[in-house]
There are 2 protein chains.
Amino acid sequence: MAITKKDHFPAHQQRIAAIAKALSHPARIALVSELASQNACVCGDLVAELPLSQATVSQHLKVLKEADIISGETDGPRVCYCINWTSLTQIRQDLDAWLETLTEHQECC
Amino acid sequence: MAITKKDHFPAHQQRIAAIAKALSHPARIALVSELASQNACVCGDLVAELPLSQATVSQHLKVLKEADIISGETDGPRVCYCINWTSLTQIRQDLDAWLETLTEHQECC
DNA sequence: ATCGGTTATCGTAGATATACGATCAATGCA
DNA sequence: TGCATTGATCGTATATCTACGATAACCGAT
């Protein structure tokens with residue numbers, strides 16, 4: 001793509017886009033749902049729930065971690081992942097705030 | 001990616017992911033914001049607002065259109081784009097519903 | 001120290017996404 | 001009819017994403 005131009009946009013637009021991007025794959029939606037419903041927390045259990053290899057699941061978990069949606073702490077030989085509720089709440093607010101500003105003007109063509 | 005496995009996930013998870021994907025680029029967030037604030041509707045004006053070429057903007061508009069977030073109707077030689085409020089409202093509800101189900105269980109590690 | 005189990009990372013292949021110039025199709029106007 | 005304007009599409013280059021096997025790193029227990 002030659003050179004990305006994402007940096008040419010305002011920070012708040014980049015923020016919304018970054019949140020959306022982290023949630024733009026069904027596997028990551030499934031992981032977040034699974035973690036939230038507390039059916040699983042250990043990485044191995046999550047791998048068992050998804051139709052993906054361990055390596056791929058680990059990669060998706062990394063994306064969610066970098067977006068600060070989840071966090072993982074080592075528990076002996078395993079890793080326990082869980083939702084970062086503080087961050088997720090903020091994300092929800094940011095999304096909602098943006099969607100709200102849209103509807104405020106609602107009077108298009 | 002060899003073969004995509006997105007189809008192996010439940011429809012509602014695919015739906016959330018698809019919404020997120022359509023909003024996963026700052027240019028598209030900017031386009032939606034711009035359209036909602038009614039500062040522009042004609043494609044040419046949108047191109048002038050963004051730091052992208054006409055071809056690229058047209059491509060982003062196409063993505064938003066396919067996600068049913070916006071619609072465009074020909075107005076003489078121009079094309080007038082506008083927010084599909086019905087669909088956007090539904091999207092907002094779907095997103096909010098998903099986020100709500102997450103917090104219901106909120107009691108992780 | 002070695003072994004078995006767990007997870008992250010590396011390397012890689014193929015699929016998509018991003019970006020743009022060039023071109024095409026459609027429209028309005030001279 | 002011919003021309004300028006507008007916007008979609010094509011072709012293409014590069015970047016990023018998705019997926020997995022293989023391997024490395026780590027831990028607990030023997």
*Asks:* In whole Å, I'd like the distance from the NE2 atom of A/His25 to the P atom of C/dA15.
*Replies:* 15 Å
*Asks:* Grab the NE2-C1' distance between A/His60 and D/dT16 for me, whole Å please.
*Replies:* 14 Å
*Asks:* Mind checking B/Leu52 for me? I need base, sugar-phosphate or nothing, with any heavy atom below 4.0 Å counting as a touch.
*Replies:* sugar-phosphate
*Asks:* Going hydrophobic residue to hydrophobic residue with side-chain gaps under 4.5 angstrom, can you get from A/Leu95 over to A/Ile69?
*Replies:* yes
*Asks:* Between NE2 of B/His60 and CG of B/Leu50, what distance do you get to the nearest 0.5 Å?
*Replies:* 8.0 Å
*Asks:* Ignoring backbone atoms, establish whether A/Arg28 has a side-chain N or O less than 4.0 Å from OP1 or OP2 of D/dT18.
*Replies:* yes
*Asks:* Respond yes when some side-chain nitrogen or oxygen of B/Lys5 is under 4.0 Å from OP1 or OP2 of D/dC20, and no when none is.
*Replies:* yes
*Asks:* Provide, to the nearest angstrom, the distance between the CG atom belonging to A/Leu64 and the C1' atom belonging to C/dA8.
*Replies:* 16 Å
*Asks:* Checking contacts here: which listed nucleotide (C/dT7, C/dA19, C/dC20) is nearest the side-chain heavy atoms of A/Val79?
*Replies:* C/dT7
*Asks:* Between B/Gln59 and B/Cys43, which residue's closest nucleotide on DNA chain D lies nearer the 5′ terminus?
*Replies:* B/Cys43
*Asks:* What is the separation between atom CD on B/Glu73 and atom P on D/dA8, rounded to the nearest whole Å?
*Replies:* 13 Å
*Asks:* Look at the rings of B/His25 and A/Phe9 and say which category their plane angle falls in: under 30° parallel, 30 to 60° tilted, over 60° perpendicular.
*Replies:* perpendicular
*Asks:* Using a heavy-atom cut-off of 4.0 Å across all strands, would you classify B/Val42 as base, sugar-phosphate, or nothing?
*Replies:* sugar-phosphate
*Asks:* Rounded to the Å, how far apart are B/Leu31 CG and D/dG7 C1'?
*Replies:* 14 Å
*Asks:* Would you kindly give the CG-to-C1' distance between A/Leu61 and C/dT7, to the nearest whole Å?
*Replies:* 10 Å
*Asks:* Under 4.0 angstrom, heavy atoms only, what part of the nucleic acid is B/Lys21 near: base, sugar-phosphate, or nothing?
*Replies:* sugar-phosphate
*Asks:* How many whole angstroms separate atom CG of A/Leu50 from atom P of D/dA19?
*Replies:* 10 Å
*Asks:* For a side-chain contact (heavy atoms from CB on, under 4.5 Å) check, start with the C-alpha distance between B/Asp94 and B/Gln90, then their side-chain angles and the critical distance, and finish with the verdict.
*Replies:* CA-CA 6 Å; B/Asp94 290 351; B/Gln90 185 62 56; 2.9 Å; yes
*Asks:* For the side chain of B/Thr56, counting heavy atoms from C-beta on, which of D/dT9, C/dA19, C/dA8 is nearest?
*Replies:* C/dA19
*Asks:* To the side chain of B/Ser53, which of D/dG21, C/dT7, C/dC20 is closest?
*Replies:* C/dC20
*Asks:* Counting heavy atoms from C-beta on, name the nucleotide in C/dG21, D/dG7, D/dG21 closest to the side chain of B/Tyr81.
*Replies:* D/dG7
*Asks:* Which listed nucleotide (D/dA8, D/dC27, D/dG7) is nearest to the side chain of B/Ser58?
*Replies:* D/dA8
*Asks:* Hey, which of these two, A/Ala55 or A/Thr74, hits DNA chain D nearer its 5' end, going by closest nucleotide?
*Replies:* A/Ala55
*Asks:* Between atom NZ in A/Lys6 and atom P in C/dA19, what is the gap in whole Å?
*Replies:* 7 Å
*Asks:* Which residue lies toward the 5' end of DNA chain C, B/Ser24 or A/Gly44, if each is placed at its nearest nucleotide?
*Replies:* A/Gly44
*Asks:* Give the intermediate values and the outcome of side-chain contact (heavy atoms from CB on, under 4.5 Å) for residues A/Leu23 and B/Ile16.
*Replies:* CA-CA 8 Å; A/Leu23 299 175; B/Ile16 300 291; 5.6 Å; no
*Asks:* Are A/Trp85 and B/Thr103 linked by a side-chain donor-acceptor pair shorter than 3.5 Å?
*Replies:* no
